[in-house]
Amino acid sequence: MKKICCIALISGILFAENVWENIVKAFDSEDIAVKVVEVQKLNKGLSIAIVEQKNGTQLPIFITNDGKNIMGIGEPLILSSETYQDRVREFYKKTLEHNQKNTDIKILNNTPKESWIALQGRGKKGSIYFVLDANCVYCKQEMENIEQILQNYQSIFIVFVGFLKQDSMYRAAKIYNEIIKIKDQDKKIIFLKKAFGSSFTGSDKVDLSFVKNHTRIIGQTGIRGVPYIIKKD
């Protein structure tokens with residue numbers, strides 16, 4: 001019995017090493033460098049794994065147990081086994097949470113300080129950061145609720161990007177050019193709300209380099225849309 005147990009243990013170790021190695025080889029063949037974070041066996045033929053790319057983004061994948069056939073998991077699936085489904089959802093949730101934290105860190109660390117428009121809140125603690133596009137209706141809703149946000153947080157920071165339209169770049173450039181002239185915070189808020197209106201248009205003669213720079217930086221962080229909100233205690 002002891003010999004059987006030892007053989008089973010050794011087989012399990014070899015299985016794990018081969019799967020991890022084969023996953024890396026499979027991605028290498030497509031010129032994608034990854035490291036394997038976690039592998040769990042679902043059944044005799046199928047496992048689920050998390051791999052991480054060089055930029056820190058994690059991906060949940062299905063793999064055959066020889067590690068040679070790989071399929072990405074875009075959304076949680078409906079599986080016949082509740083146990084399998086729970087594991088898939090667990091892995092998917094892990095990657096989403098990891099990727100959001102990774103994106104948050106990149107945005108906060110890499111966005112130039114001068115790109116953030118700062119507002120002083122009336123809360124006793126906490127900071128909140130907004131990535132907004134002046135052509136985004138959901139971003140507009142966030143600005144319409146800014147008074148309540150000011151009540152809840154000590155510091156509010158806003159950066160305007162040009163994600164949705166070319167006009168977004170012009171609008172953002174106009175916002176930055178005008179906001180520096182406004183010293184009173186209440187007037188700043190009135191101006192920022194107007195920036196989402198249809199009558200607010202930017203000039204095609206304005207220098208876009210400032211906005212293009214932080215739009216490019218933020219776009220490379222893994223952000224998937226706007227408004228993007230980061231909360232810090």
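Only this structure's heavy atoms are used, side chains among them; waters, hydrogens and symmetry mates stay out. In this chain, residues are counted from 1 in sequence order.
- The shortest distance between side-chain heavy atoms of N110 and Q220 does not fall below 4.5 Å.
- Side chains of Q154 and R122 form no contact here, defined as non-hydrogen atoms less than 4.5 Å apart.
- Within the 4.5 Å cutoff, the side chain of V37 has no heavy atoms near those of the H98 side chain.
- The heavy-atom pair separating K193 from M143 by the smallest distance is CE-O, 3.4 Å.
- Under the 3.5 Å distance criterion, the side-chain polar atoms of R171 are left unmatched by any main-chain donor or acceptor of N135.
- Taking the centre and axis of the six-membered ring of F91, the NZ or CZ atom of K94 falls inside the cone set by 45° and 6.0 Å.
- With S168 contributing its side chain and K165 its backbone, the two residues share a donor-acceptor pair below 3.5 Å.
- Within 6.0 Å of the NZ atom in K106, the count of heavy atoms belonging to other residues, nucleotides or ligands exceeds 12.
- Counted within 6.0 Å of NZ on K93, heavy atoms from surrounding residues, nucleotides or ligands total 12 or fewer; the atom is thus considered open.
- The shortest side-chain heavy-atom distance between R224 and T103 does not fall under the 4.5 Å cut-off.
- In this structure a side-chain-to-backbone donor-acceptor pair under 3.5 Å is present from K174 to T201.
- The number of heavy atoms from other shown groups lying within 6.0 Å of NZ (K188) is above 12.
- Side chains of I23 and I61 form a contact here, defined as non-hydrogen atoms less than 4.5 Å apart.
- Considering CG of L119 and OG of S155, their distance stands at 9.5 Å, rounded to 0.5 Å.
- Between G162 and M169, the shortest heavy-atom distance links the atoms O-CE, 3.8 Å.
- For Q185 (side chain) and Q120 (main-chain N/O), a donor-acceptor pair under 3.5 Å exists by modelled atom type.
- Across all their heavy atoms, A49 and I63 have their closest contact at CB-CD1, 4.3 Å.
- Closest approach of H214 and S115 over heavy atoms only: ND1-OG, 2.8 Å.
- Y228 and L96 are assigned to two separate hydrophobic clusters, defined by single-linkage of ILVMFWY side chains at heavy-atom distances under 4.5 Å.
- How far NZ of K181 is from NZ of K187: 14.5 Å, rounded to the nearest 0.5 Å.
- Side-chain heavy atoms closer than 4.5 Å link hydrophobic residues (I, L, V, M, F, W, Y) into clusters, and following such links, even through other members, never connects V131 to Y138.
- For Y129 and Y153, the ring centers are positioned 6.0 Å apart or more.
- Annotation: side chain of I175 is in contact with side chain of F191 (closest heavy-atom distance under 4.5 Å).
- A continuous path of Ile, Leu, Val, Met, Phe, Trp and Tyr side chains, each step under 4.5 Å between heavy atoms, connects M71 with V88, placing both in one hydrophobic cluster.
- The two residues Y170 and D204 have their closest heavy-atom pair at CE2-CA, 3.5 Å.
- Residue I105 is not grouped with residue V159 when hydrophobic side chains (ILVMFWY) are merged at heavy-atom distances under 4.5 angstrom, including chains of intermediate members.
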The test is ring pair (Phe, Tyr, Trp, His ring centres under 6.0 Å); show your working for F210 and F160 and say whether it passes.
CA-CA 11 Å; F210 178 78; F160 281 88; over 10 Å; no
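- Around the CD atom of Q151, the shell of radius 6.0 Å holds more than 12 heavy atoms that belong to other residues, nucleotides or ligands.
- Side-chain contact between E114 and Y176 is absent, with no heavy-atom pair separated by less than 4.5 Å.
- A salt bridge links E21 with K25: the distance from a Lys NZ or Arg NE/NH1/NH2 to an Asp or Glu carboxylate oxygen falls below 4.0 Å.
- Scanning all heavy atoms of the two residues, the minimum distance from D133 to C139 falls at N-SG, 3.5 Å.
- Between L46 atom CG and N69 atom CG the span is 10.0 Å, to the nearest 0.5 Å.
- Between I189 and L150, the closest side-chain pair of non-hydrogen atoms falls below 4.5 Å.
- One hydrophobic cluster holds both I182 and I156 under the rule that ILVMFWY side chains link at heavy-atom gaps under 4.5 Å.
- Taken from CG in L192 to CD in E144, the straight-line distance is 13.0 Å, to the nearest 0.5 Å.
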Let's go through Q53 and L59 carefully: what are the C-alpha distance in whole Å and the side-chain angles of both, what is the deciding distance for side-chain contact (heavy atoms from CB on, under 4.5 Å) to 0.1 Å, and is it a yes or a no?
CA-CA 8 Å; Q53 297 175 294; L59 307 170; 4.1 Å; yes
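- The distance from atom CG of D104 to atom NZ of K231, rounded to the nearest 0.5 Å, is 11.5 Å.
- In this structure, N213 CG and L208 CG are separated by 12.0 Å, a value rounded to the nearest 0.5 Å.
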